[in-house]
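Heads up: the structure comes next, in structure tokens.
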Amino acid sequence: MGIGDRGLLDWLDDASAERGLYYAQRGDGWDFLSYRDLRDLVLSTAAALRARGVGDGDVVALVQRSGPGFVATFFGALAAGATPCTIAPPFAFQRADEYERHAAHLLGTVRPRITVCDEESQERVRKVAAATDLPEPVVFDELVAGAEPLDGPLPLPETALVQFTSGSSGFSRGVRISADALRTNLTGMRGWLGCDPELPAISWLPVHHDMGLVGFLLNVVVTGFDGHMLQPDDFIRSPQRYLRRISEQRIAMTAMPNFGLSYILRRVRPADLDGLRFDSLRCVIIGAERVDPKVLDDVHALLGPHGLDRGALLPAYGSAEATLAVTGLAPGEGWSTREPDEGDAGSLAGTAVVGCGRPLEDRTVTIVSEEGDVLPDGQVGEIVVSGVSIADGYVGDAGTASGTSIGDRLRTGDAGFLRDGQLFVIGRLGDGLKVNGKMVFAESLETLLHQRGIPERRVAVLLGVRDGAPTGVAVFAGVQDGWRRAAHEVLSEWLGDAELLAVEVPRGGIAVTSSGKPRRRVIWKALCGGTYEDTVRPLTPEDD
């Protein structure tokens, strides 16, 4: 089973007329684009890009929602010998000013030769391009109108992708991914998952983010799966539609962060599942953020009676600097939890952490101390990755504020521990506080708050030293009765004598990355700078 190593554009040579991509319409219908038709669109896009002056190695920025135009622009850039770079379209941000700052930073970093957008993004992107002294963006349909396809793809560029980190550390950094690194990461995922072109897949993930792009879309197209694509807001409006499609089309693979599973639990009732079957699902990849064991239990309790195998839930770990996938649980293995050892490097001893599987082929994961010494099983330290598919470096002067660095080895800036070869991920090293000689991590505390009934995206925990005092902060987005009490119980238990604060912002007011992670360092900087002076107060066990 599986198709082994496969070049990024090999699928153009044998593009199927029967398989392809299905896109959800606004109603209940789906549009189909065969791989054969997509090949023609890709080669037409490549010709149009070259006609617009795009040369070998130039950057082509994509600011588009998931759709045929996005796929054609991405692979068309590669077929034109250029480097695609995906940037979140405006829908991913609630505030216009926040989006414009974000997009200006990204476009200013890569300085694309051309920016290809969709119609709904054009005006906002045009404003950003003018502010950064870049050419006006081009709408995809206008770009390809009347273009005759190239006879075949040009040689691949040395850098096959510039993908931006999520920005949870305060700013996004452009990561240079070589063609070999991208190819070998896709090959590694196919080997890990036992991919076969006969196995259909589905995703609602945003395609500008590495999990939705590399982990799903590129894997689907290069391998030749039938891929069923929803917009992120399609899933938010109706996770039931997503689940119905899995049942009706006998979908085998999908992927999402922990948030997606939590959202299904909040929105889907057992009665919504009458007549549905999920026994076809063999791979539900769960990554991009800390995995909550209770969420896994509850999802299996909801969908298990309808055929979902517990072994289909596959926690995984990856990063933009590693192209994407680093470790993953094998299909059918069944997830487990472990606790870190106690000691100076311990973190939340007594708290179960979900295993994210073992390194994919030709990758090595070690855990190191602050001094760089390799730590034994069970001890918490920094996750370091080596082997194939490590990025070539960052675009321009990216700095080191995120804690991640690329060299012979990738120092991820993430904390975790190993047990019997399996990786257990705790959180970002920069988002922690040492209490009584042990590191406590913000993500760990957020997981405990979610288990107390506070939904994801409605609370963020900040940890640091403020005015010389160790401090823990609970940031609530639209606080409800009982939330402050739960937060006080959790933070006071784990943070000892640290000062505890609460900040209230409107619902949707927690600053997040384009993939939905809290931008803790940005919020912390705003807190220390007095931005929340009118709403910050001591965190007490009593609701106001």
Side-chain angles (χ1 to χ4, degrees), residues 188-196 199-205 211-212 215-216 219-220 225 228 235 239-240 242-247 249-268 270 272-273 276-318 324-339 351-360 416 419-426 443 447 450-451 456 516:
M189 283 189 281
R190 284 195 290 272
W192 158 38
L193 300 171
C195 290
D196 187 285
L199 299 176
I202 190 168
S203 175
W204 54 266
L205 296 173
M211 190 177 186
F216 189 84
N219 208 352
V220 163
F225 304 127
H228 301 256
F235 175 77
Q240 293 88 346
Y242 164 80
L243 294 173
R244 286 197 304 271
R245 190 68 173 180
I246 291 173
S247 177
Q249 299 297 317
R250 308 296 295 158
I251 300 293
M253 287 180 284
T254 190
M256 71 185 79
N258 188 85
F259 161 74
L261 298 179
S262 297
Y263 192 73
I264 288 172
L265 292 173
R266 292 202 303 274
R267 290 289 306 274
V268 176
D272 296 330
L273 303 175
L276 301 187
R277 296 294 301 170
F278 305 108
D279 52 312
S280 61
L281 271 176
R282 60 189 301 275
C283 302
V284 182
I285 305 164
I286 309 157
E289 61 188 25
R290 178 83 170 263
V291 181
D292 184 347
K294 185 177 185 302
V295 168
L296 298 182
D297 277 333
D298 290 349
V299 165
H300 186 248
L302 178 68
L303 304 183
H306 297 267
L308 178 68
D309 183 358
R310 186 180 186 276
L313 298 173
L314 307 180
Y317 171 74
L324 181 65
V326 174
T327 71
L329 206 62
E333 182 177 355
W335 59 271
S336 60
T337 61
R338 295 289 187 273
E339 299 174 6
T351 300
V353 181
V354 173
C356 291
R358 294 165 182 80
L360 275 60
R419 289 278 194 200
D420 301 322
Q422 187 170 182
L423 177 64
F424 295 79
V425 181
I426 293 174
E443 288 181 70
T447 296
H450 300 328
Q451 293 171 358
E456 294 191 46

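Bear in mind that the values here come from a model prediction, so they are computed numbers and not experimental data. Worth knowing before you read on, the calculation uses all heavy atoms, side chains too, and leaves out hydrogens, waters and symmetry mates.
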Under 3.5 Å donor-acceptor, Gln240 side chain and Arg267 backbone: yes

For Cys356 versus Val425, what's the shortest heavy-atom pair and its separation? SG-CG2, 4.1 Å

Point-to-point distance, once rounded to the nearest 0.5 Å, from CZ of Phe216 to CZ of Phe225: 8.5 Å

Using the test side chain to side chain donor-acceptor pair (under 3.5 Å), find all partners of Thr327 that sit at least two apart in sequence or belong to another chain. none

Rounded at 0.5 Å granularity, tell me how far CG in Leu276 sits from CG in Leu303. 9.5 Å

Could you state the interatomic distance from CG (Leu308) to NE2 (His300), rounded to the nearest 0.5 Å? 5.5 Å

Test item: Leu281 and Asp309 side chains (from C-beta on) under 4.5 Å apart, heavy atoms: no

Using side-chain heavy atoms (C-beta onward) and a distance below 4.5 Å, is Arg282 in contact with Leu199? yes

Has Gln422 got a side-chain atom pairing as donor or acceptor with Gly357's backbone, closer than 3.5 angstrom? yes

Do the side chain of Glu289 and the main chain of Phe259 share a donor and acceptor less than 3.5 angstrom apart? yes

Might you work through the side chain to side chain contact (heavy atoms under 4.5 Å, CB included) test for Leu261 and Leu296, ending with a clear yes or no? CA-CA 8 Å; Leu261 298 179; Leu296 298 182; 3.9 Å; yes

Closest heavy-atom pair, Ala201 versus Val220, reported as atoms and distance to 0.1 Å, is CB-CG2, 4.1 Å

Checking Ile286, Leu265, Val284, Asn258 against Val299 for side-chain contact (heavy atoms from CB on, under 4.5 Å), the one that qualifies is Leu265

For the residue pair Ile264 and Phe235, establish whether any side-chain heavy-atom pair is separated by less than 4.5 Å. yes

How close do Glu339 and Arg419 get, counting heavy atoms only, and between which atoms? O-NH2, 2.8 Å

Any residue meeting salt bridge (Lys or Arg N to Asp or Glu O under 4.0 Å) with Arg245, in chain and number order, not counting sequence neighbours: none

Side-chain heavy atoms of Ile251 within contact of Gln249, under 4.5 Å: yes

Side-chain contact test, heavy atoms from C-beta onward, threshold under 4.5 Å: evaluate it for His228 versus Pro200 and give yes or no. yes

Any sub-3.5 Å donor-acceptor pair from Thr254's side-chain atoms to Ile202's backbone N or O? yes

Within the 4.5 Å heavy-atom criterion, are Val353 and Arg290 side-chain neighbours or not? yes

Check Val268 against Pro239 and note the closest heavy-atom contact, atom names and distance. CG2-CG, 4.0 Å

Salt bridge (Lys or Arg N to Asp or Glu O under 4.0 Å) with Arg250: which residues, sequence neighbours excluded? Asp279

Please give me the minimum heavy-atom distance between Pro359 and Gly421, naming the atom from each residue. CD-O, 3.8 Å

On a heavy-atom basis, the closest approach of Pro293 and Thr337 is CB-CG2, 3.8 Å

For Phe278, enumerate each residue passing the ring pair (Phe, Tyr, Trp, His ring centres under 6.0 Å) test, keeping only those at least two apart in sequence or located in another chain. none

Applying salt bridge (charged side-chain N to carboxylate O under 4.0 Å, His left out), which residue pairs with at least one partner in residues 292-302 are found, sequence neighbours left out? Lys294-Asp298

Quick one: list whatever passes ring pair (Phe, Tyr, Trp, His ring centres under 6.0 Å) with Tyr317, sequence neighbours left out. none

Check step by step if salt bridge (charged side-chain N to carboxylate O under 4.0 Å, His left out) holds for Arg358 and Glu333. CA-CA 11 Å; Arg358 294 165 182 80; Glu333 182 177 355; 2.7 Å; yes

The reported gap from OG in Ser262 to CE in Met256 (rounded to nearest 0.5 angstrom) is 10.5 Å

Under 3.5 Å, side chain of Arg310 to main-chain N/O of Trp335, donor-acceptor pair present? yes

Any side-chain to backbone donor/acceptor pair from Ser247 onto Arg277? Under 3.5 Å, distance only. yes

Measure the shortest side-chain to side-chain distance between Arg190 and Trp192 over non-hydrogen atoms and say whether it is less than 4.5 angstrom. no

Reported CG-to-CE distance for the pair Leu193 and Met253, which is rounded to 0.5 angstrom: 6.5 Å

Using 0.5 Å steps for rounding, measure from the CD1 atom of Ile246 to the OG atom of Ser280. 7.5 Å

Close side-chain approach of Leu302 and Leu273, heavy atoms under 4.5 Å: yes

